[in-house]
Asker: 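Before anything else, here's the structure in question.
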Amino acid sequence: MKKHFAILCFICLLNYVHTYAQDKNSNFGAIVLQPTVAYVKATDGNRRILRIVFKDGKSFNGLTGTVNFNGQIEKINIPADNAGLESFEISLPGAPIKINTQAKVEVNANGQTYTATCIVSPARPDWKVYVLPHSHVDIGYTNVQAKVLKLHMENIDESIELAKKTVGYPKEAQFKWTTEAIWVVENYLQQADAAKKQRFWDAVKKGWISLDGAYGNTNTSLTDSRQLMKMFAEGQKLAKQQGIEIHTMFQGDVPGASWGLAAQSEQTGIKYFLSGPNASDRIGKLAQWQDKPFYWLSPSGKQKLLFWQCQPYSIGYALKGTKIPNFFTIEDPKPFYTGKPTENFLNPYLFEYLGGLEEKAFPIT
């Protein structure tokens with residue numbers, strides 16, 4: 001019941017009441033309730049998650065209490081924690097609500113009862129989220145070219161091994177990797193022996209590795225028509241040699257794209273464009289197109305490209321935590337692992353992000 005499986009989307013209005021402890025020896029002084037933007041899968045159906053936040057201190061000892069919600073009262077148990085808990089999540093009883101509903105929690109500690117209430121608003125329980133594992137291809141900014149390339153080629157080998165390990169998982173949980181730029185693939189194949197090349201193409205044809213059509217993250221506002229088409233030439237050549245099709249491109253860390261990109265789809269087969277621009281004042285008013293997919297018509301009006309702009313790629317700086325560096329030293333690079341994706345990605349970032357989309361009446365689930 002601990003596994004978050006579906007996501008909601010609406011930041012709920014909080015309305016809480018503190019009951020402060022009179023006991024000076026208490027580890028914390030009050031509790032506050034925060035409705036989250038997630039459900040968990042329970043034996044009796046999908047349950048909304050509520051976060052209990054400990055104020056004026058932490059919770060070190062095991063606690064008991066009750067939650068009253070949706071016309072039902074259930075007991076809750078909060079385990080002891082030597083490091084001290086700043087918050088603890090519980091599941092709310094009953095089916096998903098359709099109207100604003102009050103939640104009340106009482107927690108007993110050191111002979112004191114702490115009480116808090118909040119209003120839980122309805123939230124969408126049917127989001128479908130696709131995760132796109134990839135590593136941004138940035139040459140020269142994060143490190144010298146040779147070491148950047150070494151990392152990306154190691155990523156390919158690592159991803160194939162991960163895909164093998166997860167082949168027996170449910171389809172939606174099987175690992176897949178996106179290379180982002182054909183520059184990485186070209187160099188990987190140039191340095192691979194025959195067996196390694198075969199292993200790579202087998203992974204591509206099994207769907208373990210996805211190829212995006214652009215050679216690199218190019219500032220297309222500076223290219224002429226010949227250079228623009230050359231950007232897709234190597235990907236087209238590899239696809240033809242292997243009897244596969246490449247229909248997507250990703251562009252990251254580039255503040256915008258040329259209108260000419262919409263005019264190449266019939267020639268190159270690239271019909272889907274995911275943009276992850278850089279952030280802050282570099283991108284002007286580009287942020288207003290975030291999460292507003294549209295068909296981008298060519299100047300002639302005869303071709304179109306499905307364009308979707310996501311959040312700036314640099315949000316990853318925050319999500320991965322502080323233990324992993326943004327830039328590598330001159331020493332040989334080595335892999336880093338986040339270790340706890342639920343803490344670093346799902347909760348609270350992704351849940352709250354989807355909550356913001358629902359608040360804006362985002363039409364796609």
Asker: Kindly give the heavy-atom pair with the smallest separation between Ala203 and Ile160, and that separation in Å.
Answerer: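 So the minimum-distance heavy-atom pair works out to CB-CG1, 4.0 Å.
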
Asker: Counting N and O atoms only, with roles assigned by atom type, does the side chain of Glu180 sit under 3.5 Å from a partner on the main chain of Val137, one being a donor and the other an acceptor?
Answerer: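 Yes, Glu180 side chain to Val137 backbone: donor-acceptor pair under 3.5 Å.
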
Asker: How far apart are the C-alpha atoms of Leu261 and Phe273, what are their side-chain angles, what is the distance that settles it, and do they pass the side chain to side chain contact (heavy atoms under 4.5 Å, CB included) test?
Answerer: CA-CA 9 Å; Leu261 280 170; Phe273 181 4; 3.6 Å; yes

Asker: Of the non-hydrogen atoms in Tyr272 and Leu305, which two are nearest, and what is the gap between them?
Answerer: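 Distance-wise, the nearest heavy atoms are N-CD1, 3.8 Å.
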
Asker: For residues Cys118 and Pro35, determine if any side-chain heavy atom of one lies less than 4.5 Å from a side-chain heavy atom of the other.
Answerer: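 Yes; the side chains approach each other to less than 4.5 Å.
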
Asker: Take Phe175 and Ser159, measure what side chain to side chain contact (heavy atoms under 4.5 Å, CB included) needs, and give me the verdict at the end.
Answerer: CA-CA 8 Å; Phe175 186 81; Ser159 66; 3.6 Å; yes

Asker: Tell me, do Lys164 and Trp208 make a side-chain contact under 4.5 Å, heavy atoms counted?
Answerer: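 SC-SC contact between Lys164 and Trp208 confirmed.
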
Asker: To the nearest 0.5 Å, what is the distance between OG1 on Thr113 and CD on Glu106?
Answerer: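 Taking OG1 in Thr113 and CD in Glu106, the distance rounds to 6.5 Å.
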
Asker: Using a strict cut-off of less than 4.0 Å between a Lys/Arg side-chain nitrogen and an Asp/Glu carboxylate oxygen, indicate whether Lys58 and Asp81 qualify as a salt bridge.
Answerer: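 Salt bridge: no.
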
Asker: State, with a plain yes or no, whether a side-chain heavy atom of Pro122 is found less than 4.5 Å away from one of Asn100.
Answerer: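 SC-SC contact between Pro122 and Asn100 confirmed.
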
Asker: Is atom CH2 of Trp201 surrounded by more than 12 heavy atoms (other residues, nucleotides or ligands) closer than 6.0 Å?
Answerer: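 Result for CH2/Trp201: enclosed.
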
Asker: Tell me, do Asp291 and Phe362 make a side-chain contact under 4.5 Å, heavy atoms counted?
Answerer: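 In short, these two side chains touch, coming nearer than 4.5 Å.
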
Asker: In terms of heavy-atom contacts, does CD of Gln290 have more than 12 from other residues, nucleotides or ligands at under 6.0 Å?
Answerer: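 Yes.
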
Asker: Please test Thr248 against Leu274 for side chain to side chain contact (heavy atoms under 4.5 Å, CB included), starting from the C-alpha separation and ending with a verdict.
Answerer: CA-CA 8 Å; Thr248 60; Leu274 178 63; over 6 Å; no

Asker: Test Thr101 against Leu92 for side chain to side chain contact (heavy atoms under 4.5 Å, CB included), laying out the working first.
Answerer: CA-CA 11 Å; Thr101 304; Leu92 293 171; over 6 Å; no

Asker: For Leu63 and Ala109, which heavy atoms make the closest approach, and how far apart are they?
Answerer: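 Result for this residue pair: CD2-CB, 3.4 Å.
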
Asker: Does the plane of the ring in Phe294 sit parallel, tilted or perpendicular to the ring in Trp296? Use 30° and 60° as the thresholds.
Answerer: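 Taking Trp296 first and then Phe294, their aromatic rings stand perpendicular (interplane angle over 60°).
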
Asker: Any non-hydrogen side-chain atom of His136 less than 4.5 Å from a side-chain atom of Asp253?
Answerer: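 When only atoms from C-beta onward are counted, Asp253 and His136 do touch, with a gap below 4.5 Å.
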
Asker: To the closest 0.5 Å, what do you measure between CD (Gln227) and CG (Leu222)?
Answerer: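 The CG atom of Leu222 is 9.0 Å from CD of Gln227, to the nearest 0.5 Å.
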
Asker: Can you confirm whether Phe60 is buried at CZ, in the sense that more than 12 heavy atoms of other residues, nucleotides or ligands lie under 6.0 Å from that atom?
Answerer: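 More than 12 within 6.0 Å, yes.
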
Asker: Judged by atom type as modelled, is there a donor-acceptor pair below 3.5 Å linking the side chain of Gln303 to the main-chain atoms of Glu266?
Answerer: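 Yes, Gln303 side chain to Glu266 backbone: donor-acceptor pair under 3.5 Å.
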
Asker: Looking only at atom types and distance, does a side-chain atom of Arg48 sit under 3.5 Å from a main-chain N or O of Pro96, one as donor and one as acceptor?
Answerer: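 Not a single qualifying donor-acceptor pair exists.
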
Asker: Out of curiosity, Glu358 CD to Trp127 CH2, how far, rounded to the nearest 0.5 Å?
Answerer: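 Reported to 0.5 Å precision, the distance equals 6.5 Å.
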
Asker: CG/Asn217 to CE/Met231 distance, rounded to the nearest 0.5 angstrom?
Answerer: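 One gets 8.0 Å once the value is rounded to the nearest 0.5 Å.
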
Asker: In terms of side-chain geometry, is the basic nitrogen of Arg199 or Glu161 positioned less than 4.0 Å from the acidic oxygen of its partner?
Answerer: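 Yes, this pair counts.
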
Asker: Do Val144 and Leu151 sit in one hydrophobic cluster, given that two such residues count as connected whenever their side-chain heavy atoms are within less than 4.5 Å of each other, even indirectly?
Answerer: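 No, it is not one cluster - the side chains of Val144 and Leu151 are not joined through contacts under 4.5 Å.
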
Asker: Does any N or O in the side chain of Asp212 come within less than 3.5 Å of the main-chain N or O of Ala214, such that one atom is a donor and the other an acceptor?
Answerer: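 Pair absent, no side-chain N/O of Asp212 close to backbone of Ala214.
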
Asker: Identify the residue among Lys206, Gln198, Lys205 that makes a side chain to side chain donor-acceptor pair (under 3.5 Å) with Asp202.
Answerer: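 That would be Gln198.
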
Asker: Looking at Lys197, I'd like to know if its NZ atom is crowded, meaning that more than 12 non-hydrogen atoms belonging to other residues, nucleotides or ligands lie closer than 6.0 Å.
Answerer: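 Atom NZ in Lys197 is crowded, with more than 12 foreign heavy atoms closer than 6.0 Å.
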
Asker: How far does CE of Met249 sit from OG of Ser275, to the nearest 0.5 angstrom?
Answerer: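 So the CE of Met249 and the OG of Ser275 are separated by 8.5 Å.
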
Asker: Within the 4.5 Å heavy-atom criterion, are Lys196 and Asp157 side-chain neighbours or not?
Answerer: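 When only atoms from C-beta onward are counted, Asp157 and Lys196 do touch, with a gap below 4.5 Å.
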
Asker: Do Phe88 and Phe54 have side chains that get closer than 4.5 Å, going by heavy atoms?
Answerer: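 Yes, side chains in contact.
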
Asker: Using the rule that two of Ile, Leu, Val, Met, Phe, Trp, Tyr join whenever any of their side-chain heavy atoms come within less than 4.5 Å, decide whether Phe351 and Tyr353 are in one cluster.
Answerer: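 Yes: a chain of side-chain contacts under 4.5 Å links Phe351 to Tyr353.
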
Asker: Do you know which two heavy atoms are closest between Pro299 and Ala263, and how far apart they sit?
Answerer: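 Here Pro299 and Ala263 meet closest at CD-CB, 4.2 Å.
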
Asker: Using distance only, find each side-chain donor-acceptor pair of residues 232-239 under 3.5 Å and give its atom names and separation, not counting sequence neighbours.
Answerer:
| residue | atom | partner | partner atom | Å |
| --- | --- | --- | --- | --- |
| Glu234 | OE1 | Lys237 | NZ | 3.4 |
| Gln236 | NE2 | Gln267 | O | 3.1 |

Asker: Given 3.5 Å as the limit, does a donor-acceptor pair link the side chain of Asp224 with the main chain of Arg226, or not?
Answerer: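 Between the backbone of Arg226 and the side chain of Asp224 there is a qualifying donor-acceptor contact (under 3.5 Å).
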
Asker: I'd like to know if Leu306 and Leu211 are part of one continuous hydrophobic network [Ile/Leu/Val/Met/Phe/Trp/Tyr, side-chain heavy atoms within less than 4.5 Å].
Answerer: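 In one cluster with Leu211: Leu306, no.
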
Asker: Is there a continuous path of hydrophobic side-chain contacts, each under 4.5 Å between heavy atoms, that joins Leu132 to Val129?
Answerer: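 Leu132 and Val129: one cluster.
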
Asker: Taking all heavy atoms of Gly213 and all of Ile182, pick out the closest pair and write down the distance.
Answerer: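 For Gly213 and Ile182, the tightest heavy-atom pair comes out as O-CG1, 3.7 Å.
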
Asker: In Å, rounded to the nearest 0.5 Å, how long is the span from OG of Ser135 to CD of Glu154?
Answerer: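 Output value for this atom pair is 11.0 Å.
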
Asker: Which class fits the ring pair Tyr114 and Phe28: parallel under 30°, tilted 30 to 60°, perpendicular over 60°?
Answerer: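 Judged by the thresholds at 30° and 60°, the geometry between Tyr114 and Phe28 is tilted.
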
Asker: With a 3.5 Å distance limit and no angle check, can you tell me whether Ser87 reaches the backbone of Arg51 through a side-chain donor-acceptor pair?
Answerer: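 Side chain of Ser87 to backbone of Arg51, a donor-acceptor pair under 3.5 Å: no, none is there.
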
Asker: Side-chain heavy atoms under 4.5 angstrom apart, residues restricted to Ile, Leu, Val, Met, Phe, Trp, Tyr: same cluster for Leu228 and Leu297?
Answerer: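 No, no single cluster joins them.
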
Asker: Would you check if the side chain of Gln264 reaches a backbone N or O of Ile270 as a donor-acceptor pair within less than 3.5 Å?
Answerer: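 Such a contact is found between Gln264 side chain and Ile270 backbone.
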
Asker: Mind listing the closest non-hydrogen atom pair of Val32 and Lys55 along with its distance?
Answerer: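 Shortest heavy-atom contact: CG2-CG, 3.5 Å.
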
Asker: Test Asn27 against Ser59 for side chain to side chain donor-acceptor pair (under 3.5 Å), laying out the working first.
Answerer: CA-CA 6 Å; Asn27 296 319; Ser59 173; over 6 Å; no

Asker: Between Gln309 and Pro277, is any pair of side-chain heavy atoms under 4.5 Å apart?
Answerer: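 SC-SC contact between Gln309 and Pro277 confirmed.
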
Asker: Taking only distance into account, with no hydrogens and no angle test, what donor-acceptor pairs under 3.5 Å do side-chain atoms of residues 65-79 form with protein atoms, sequence neighbours excluded?
Answerer:
| residue | atom | partner | partner atom | Å |
| --- | --- | --- | --- | --- |
| Asn70 | ND2 | Ala95 | O | 2.9 |
| Glu74 | OE1 | Arg47 | NH1 | 3.0 |
| Glu74 | OE2 | Arg47 | NH2 | 2.7 |

